[in-house]
Protein chains: 2
Amino acid sequence: MSPSADPVTLHNRVLAELGPSIAAGAYAAGHVFTLDRLERDYGVSRTVAREAVRVLESMRLVVSRPRTGVRVLPREEWSVFDPQLIRWRLAGPDRMDQLRSLTGLRAAVEPVAAAAAAQRATAPQRARLTDLNRRMAAFGEAGDLDSFLRLDIEFHRMILELSGNEMFAGLSDVVAEVLRGRTAHDLMPDHPRPEALRLHAHVASAIDSGLPSVADAAMRAIVTEVVEALDGLDAYAGTGP
Amino acid sequence: MSPSADPVTLHNRVLAELGPSIAAGAYAAGHVFTLDRLERDYGVSRTVAREAVRVLESMRLVVSRPRTGVRVLPREEWSVFDPQLIRWRLAGPDRMDQLRSLTGLRAAVEPVAAAAAAQRATAPQRARLTDLNRRMAAFGEAGDLDSFLRLDIEFHRMILELSGNEMFAGLSDVVAEVLRGRTAHDLMPDHPRPEALRLHAHVASAIDSGLPSVADAAMRAIVTEVVEALDGLDAYAGTGP
DNA sequence: CCGACACATTGGTCATACGATTCAGAATAT
DNA sequence: ATATTCTGAATCGTATGACCAATGTGTCGG
């Protein structure tokens with residue numbers, strides 16, 4: 001389905017095991033690996049171990065220094081916008097914190113993006129968005145969560161891209177991970193809430209009509225609802241005192 | 001000065017040449033390198049060439065496939081939030097587009113972060129921010145642009161961190177790059193504009209007083225001013241028709 | 001004209017060796 | 001006893017050469 005899936009190479013395999021462990025906090029900041037250790041643990045050659053480490057280093061999960069080894073960096077150093085790292089963390093124990101942070105980001109960006117889209121979208125783009133919304137609603141009402149998710153992702157992606165801001169567009173993978181993460185980890189009801197469907201329709205309609213402030217408000221309502229849903233879960237499975 | 005500067009290794013050297021070229025668009029999407037070619041061009045071994053490619057691949061600038069080679073990906077695929085990629089692009093010909101996108105992102109995020117900071121900051125944090133602002137203003141009035149820049153970066157970083165949202169905090173390096181980029185590429189006046197200094201003081205004061213909506217508005221004014229400054233430069237060196 | 005098969009090209013992986021760096025601890029001088 | 005210098009081990013950094021696996025290309029036969 002994905003246009004360019006990562007090839008299943010050995011270093012990707014190592015990365016797929018080592019990355020999530022570190023992201024999950026299995027090794028405290030300051031913990032040190034040696035390459036030799038990684039070679040033996042994963043049964044790979046120095047070449048492969050080094051390439052995996054090199055990628056982890058580029059996301060600032062670790063630093064590699066002679067005589068010291070490969071040291072795990074504190075969380076604050078991590079490149080938290082790396083989609084791969086986000087995926088790893090959403091699969092791990094910080095899932096809820098991660099979702100909360102990401103939702104805060106969405107709340108800041110998506111309304112602005114929707115407003116920009118309402119100003120810039122061309123006629124065929126508006127039509128496509130409207131149609132997308134219509135099909136999305138149909139799947140939502142039918143309770144086909146998988147198809148709904150697929151179109152929901154596409155809906156948000158399209159708006160972020162229509163904003164004309166490359167950085168906003170660059171968040172579409174992040175938003176997709178969040179939406180996917182919510183469904184994959186059973187944080188979604190059986191049917192999307194009707195209120196949410198209506199709000200999505202409002203966004204599509206506002207963009208179609210070229211009303212930036214309405215698009216902003218409707219999108220803001222969507223993400224606000226998500227924030228509240230997360231807080232609700234918190235009260236339910238509270239980690240607090 | 002930097003707590004953990006990247007070591008000057010051979011693969012970092014290759015990366016520092018190859019990365020900016022690709023980021024600058026010197027190779028069209030679809031252009032193909034071979035590892036052999038890279039080895040000869042940079043006079044390095046396969047090991048080193050591969051590691052550089054692996055990092056470029058992790059930022060989705062290229063994909064590497066057997067029998068094909070290392071193919072440059074279209075811009076839309078790039079991990080535009082990677083601080084290293086941002087630095088490369090700010091040094092290249094897309095500088096203005098890049099600054100515009102990044103400023104749009106700042107405009108969406110920083111006001112929200114300032115509001116959150118006004119709600120959450122502890123007393124000593126508020127004091128430190130106020131002091132930071134005072135010293136910043138002094139350097140600004142004295143026309144010491146380097147010191148001003150350093151504190152300006154720290155000011156914005158502190159607010160993003162005080163927001164309590166990890167993703168916002170993760171943007172502090174990006175914002176730092178933007179601020180540094182503006183100064184390094186002569187997009188700043190000799191003295192910071194007094195209006196800008198006043199607005200920064202308002203932000204600090206609003207956070208100190210625990211007034212989220214005031215902090216939001218003042219920060220919004222700061223970034224709005226930056227947006228307008230950029231548009232002004234556009235009119236000046238217009239690329240349009 | 002079309003399809004099947006052999007071949008050449010290219011990245012992926014491995015094993016090994018040596019160099020460069022740096023931290024630790026011993027040896028030495030004060 | 002303390003400070004300083006030096007020696008050495010540990011570890012990453014880099015290079016080399018070889019082989020494997022996958023895949024596009026071109027040829028040959030129908």
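In what follows, every heavy atom counts, from backbone to side chain, and hydrogens, waters and symmetry copies are set aside. From a predicted model like this one, the values you see are computed outputs, not experimental measurements. In what follows, every chain begins at residue 1, and chains take the letters A, B, ... in the order their sequences are listed.
Listed candidates were D/dT14, C/dC14, C/dG11. Nearest to the side chain of A/Ser45 is C/dC14. Here the side chain of B/Pro66 is nearest to one of C/dG12, C/dC14, D/dT14, namely C/dG12. Side-chain proximity of B/Val48 to the nucleotides C/dC14, D/dA15, C/dT10 is greatest for D/dA15. With C/dG11, D/dC12, C/dC14 as the candidates, the nucleotide lying closest to the side chain of A/Thr34 is D/dC12. The side chain of A/Val70 approaches D/dC12 more closely than any other nucleotide in the set C/dT13, D/dT14, D/dC12.
No contact: B/Arg37 has no heavy atom under 4.0 Å from any strand. A/Arg65 comes within 4.0 angstrom of sugar-phosphate atoms only, judged by non-hydrogen atoms across all strands, and of no base.
One atom, NE2 of B/His11, and another, C1' of C/dA20, lie 14 Å apart when rounded to the nearest Å. In this structure, B/Arg50 atom CZ and D/dG13 atom P are separated by 16 Å, rounded to whole Å. With rounding to whole Å, A/Arg13 atom CZ is found 16 Å from C/dG12 atom P. Atoms CG (B/Asp36) and P (C/dT9) sit 12 Å apart, rounded to a whole Å. The nearest whole Å value for the distance from the CG atom in B/Leu10 to the P atom in D/dC12 is 18 Å. Atom CD in A/Glu39 sits about 11 Å away from atom C1' in D/dT11, given to the nearest Å. C/dG11 atom P lies 14 Å from atom CG of B/Leu56, rounded to whole Å. Summarising the geometry, the separation between OH on B/Tyr42 and P on D/dT14 is reported as 16 Å, rounded to the nearest angstrom.
A donor-acceptor contact closer than 3.5 angstrom is absent between the side chains of A/Gln98 and A/Ser101.
For B/Leu99 against B/Thr103, the heavy-atom pair with the smallest separation is O-OG1, 2.6 Å.
For D/dT14, the base has a donor-acceptor partner in the side chain of A/Arg46 [N/O atoms by modelled type, under 3.5 angstrom]. Counting distance only, with no hydrogens placed and no angle test, the side-chain atoms of A/Arg67 and the base atoms of C/dT21 include no donor-acceptor pair under 3.5 Å. If you check distances only, the side chain of B/Thr47 does reach the base of D/dA15 with a donor-acceptor pair under 3.5 Å.
A donor-acceptor distance shorter than 3.5 angstrom exists from the side chain of A/Glu57 to the backbone of A/Ser64, with no hydrogens or angles considered. A donor-acceptor contact shorter than 3.5 Å is absent between the side chain of B/Glu51 and the backbone of B/Val48.
Summary of the strand contacts: A/Thr68 and B/Thr68 both lie near DNA chain D, and taking for each the nucleotide with the nearest heavy atom, the more 5' one is attributed to A/Thr68.
In this structure, A/Phe139 has its ring center at least 6.0 angstrom away from the ring center of A/Phe148.
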